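Note that the coordinates shown come from a computational prediction; the quantities given were computed from them, not determined experimentally. A note on names: the letters A, B, ... follow the listed sequences, proteins ahead of strands, and every chain is numbered from 1.
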Amino acid sequence: MTNFAQRLIHWYHLNKRSLPWRDTNDPYCIWLSEIILQQTRVDQGFAYYERFVSAWPGVAHLAAASEDEVLKMWQGLGYYSRARNLHKAAKQVLHDHAGSFPDTINGLLGLQGVGEYTAAAIASMAFGTKVAVVDGNVFRVLARLYGIGEPINTAQGKKVFTELATSLLPTSDAGTYNQALMEFGALHCTPRKPQCETCIFASSCHARRDNTVSDLPVKLSKKTIRKRYFNYLVLLHGHGNSASLYLNKRSEGDIWTGLYEFALIETAAPVASESLMESDRWKELTANSEGRLIHQSHQYKHPLTHQLIHARFYVVNLQNLLDLSGQNTLSLIKHSALEKYPLPRLIDRFLDDTNGLSDYYQT
DNA sequence: AAAACGGGGCC
DNA sequence: GGCCCAGTTTT
């Protein structure tokens with residue numbers, strides 16, 4: 001046994017939490033716990049596990065339940081596809097595997113909701129297969145101990161950490177090693193405020209030596225999609241074939257993405273027509289207009305900023321063309337396209353232009 | 001490779 | 001408001 005695994009398992013026996021799905025070889029219990037604990041803390045999933053086992057002590061019981069019953073039991077846990085997959089997998093075990101869980105990685109991977117991690121977990125903990133699990137805890141602990149800056153959410157990163165975890169595997173009792181490594185990450189080498197002072201690996205931890213504990217593991221930040229709600233006012237004037245848009249300038253620091261990205265009014269959430277029309281700004285602008293107000297909504301993803309733009313157009317007839325362009329930060333935009341295309345082509349044209357205005361884009 | 005899928009805890 | 005949690009599936 002490697003020195004690392006030996007010391008880790010020693011720590012585990014001293015510090016592990018007593019959990020009902022531990023110290024059992026029953027693949028049903030282990031599988032159930034693993035599905036429940038996907039992206040879920042033990043504190044949150046514990047009660048659900050107990051209720052599931054109580055209601056359905058074995059895979060055959062679970063398979064015999066209805067999907068609605070399973071979903072009901074899952075209520076409040078989140079990621080509800082897990083519940084549907086759980087139920088489907090139970091039926092797979094019953095019908096495709098004669099009621100016994102498959103005991104190979106590939107067999108387990110064939111079950112709905114069982115991916116790389118869960119297959120390795122069940123294989124090692126229920127069947128003693130020598131295979132390493134790689135979950136969020138493993139990424140974190142190994143990244144810190146070995147000072148690995150490889151991003152964990154890339155194919156290359158997963159490969160690096162899987163190979164390292166595999167190389168540290170003891171010759172026997174991989175299941176205990178896997179649980180020990182995860183428990184160490186969950187209790188000691190935590191995401192925030194890890195207990196480095198009392199760590200059994202303090203003297204050899206690269207991150208501690210390099211003062212990079214809080215920087216590891218590295219995770220490529222995913223593009224967060226900001227949703228924005230732009231409300232445009234389209235003013236028709238003359239005798240119906242020309243139109244103008246009144247727009248506000250963007251505030252300083254806002255991403256400037258082109259002429260059409262200026263909304264008349266931006267709101268934090270979708271607003272009902274009524275409440276928008278009751279705003280002071282709205283009344284001010286539409287004071288001399290008449291005609292029925294109509295609106296049309298569109299949604300598009302900005303190609304460069306990845307913002308999700310919800311655009312809503314309000315159209316009113318304007319009796320007398322107001323010169324509002326000098327007021328406050330308001331601008332009157334008269335684009336050739338707007339004069340050229342009467343409604344409803346106007347709005348379609350507007351959106352075509354919006355998505356094709358790459359020449360204007362800056363960041 | 002990236003996005004979608006949830007609810008809860010923590011800073 | 002962002003990040004994280006015993007990830008998997010779909011696009």
#### Entry: Contact under 4.0 Å: Lys193(A) side-chain N or O vs dC10(B) OP1/OP2
no
### Task
Answer yes if the ring centres of Tyr79(A) and Trp74(A) are under 6.0 angstrom apart, and no otherwise.
no
### Message
So Val114(A), base contact, sugar-phosphate only, or nothing? Heavy-atom distance under 4.0 Å.
### Response
sugar-phosphate
### Message
Within the 4.0 Å heavy-atom criterion, would you say Arg140(A) contacts the bases, only the backbone, or no part of the nucleic acid?
### Response
sugar-phosphate
### Task
With heavy atoms under 4.0 Å as the rule, sort Gly76(A) into base, sugar-phosphate or nothing.
sugar-phosphate
### Message
Using atom C1' in both nucleotides, what's the gap between dG6(B) and dC3(C) to the nearest angstrom?
### Response
15 Å
### Message
So if I take every side-chain heavy atom of Thr118(A) and compare against dG6(B), dG7(C), dC11(B), which nucleotide ends up nearest?
### Response
dG7(C)
#### Entry: Aromatic ring proximity Phe201(A)/Phe4(A), centre distance under 6.0 Å
yes
### Message
For a quick check of understanding: with a heavy-atom distance under 4.0 Å over all strands, which category does Gly78(A) fall into, base, sugar-phosphate or nothing?
### Response
base
### Query
Reckon Trp21(A) touches a base, only the sugar-phosphate, or nothing at all at heavy-atom distances under 4.0 Å?
base
#### Entry: Arg84(A)/Glu67(A) ion pair, N-O < 4.0 Å
no
### Message
If you take any heavy atom closer than 4.0 Å to DNA chain C, which residues from residues 34-64 of chain A end up in contact?
### Response
Glu34(A), Leu37(A), Gln38(A), Gln39(A), Arg41(A)
